[in-house]
Amino acid sequence: MFVAGYQFQVLTPLFTVHWGLQNKKSRPAWRERQNNVNRKYFEVFKREVFARYHKDPLRMLLPKKSAKQQQQHGPGAGAGQAVAGGGPGTGEKH
């Protein structure tokens, strides 16, 4: 929806925090297999969004940097850009 031109506001911090965060060791094996399948679906989804809107504002289609390259560039290197939106008409298509 962001690529289509919608703007968003977070109404409360309640939506930005998830208190049930897990680590890999505590998850069942089936969950990691499910995550791997979902990553493949997401790769297809990214290409479909680009094909539809001819935009890639978050640069999701760029090749991912290896862990070694990220360490050379410091913390946060290769992270997605934060997008601030809002104001009157938030949630409306522009």
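These numbers were taken from a predicted model, which means no experiment stands behind them. Every heavy atom of this structure was used, including side-chain atoms; hydrogens, water molecules and symmetry mates were not.
Using a cut-off of 4.0 Å between Lys/Arg side-chain N and Asp/Glu carboxylate O, Glu32 and Arg39 are scored as salt-bridged.
Looking only at distances, no side-chain donor or acceptor of Lys46 sits under 3.5 Å from a matching main-chain atom of Leu61.
Hydrophobic clustering keeps Val37 apart from Trp30 (ILVMFWY residues linked when any side-chain heavy atoms are closer than 4.5 Å, directly or through intermediates).
For the atom pair Gln34 CD and Arg27 CZ, the distance stands at 10.0 Å (nearest 0.5 Å). Rounding to the nearest 0.5 Å gives a distance of 12.0 Å between CG of Asp56 and CZ of Arg47.
The two residues Phe42 and Met60 have their closest heavy-atom pair at CZ-SD, 4.1 Å. Closest approach of Lys55 and Phe50 over heavy atoms only: O-CD1, 3.3 Å.
In this structure, Phe2 and Leu58 have side chains that are in contact, with non-hydrogen atoms separated by less than 4.5 Å.
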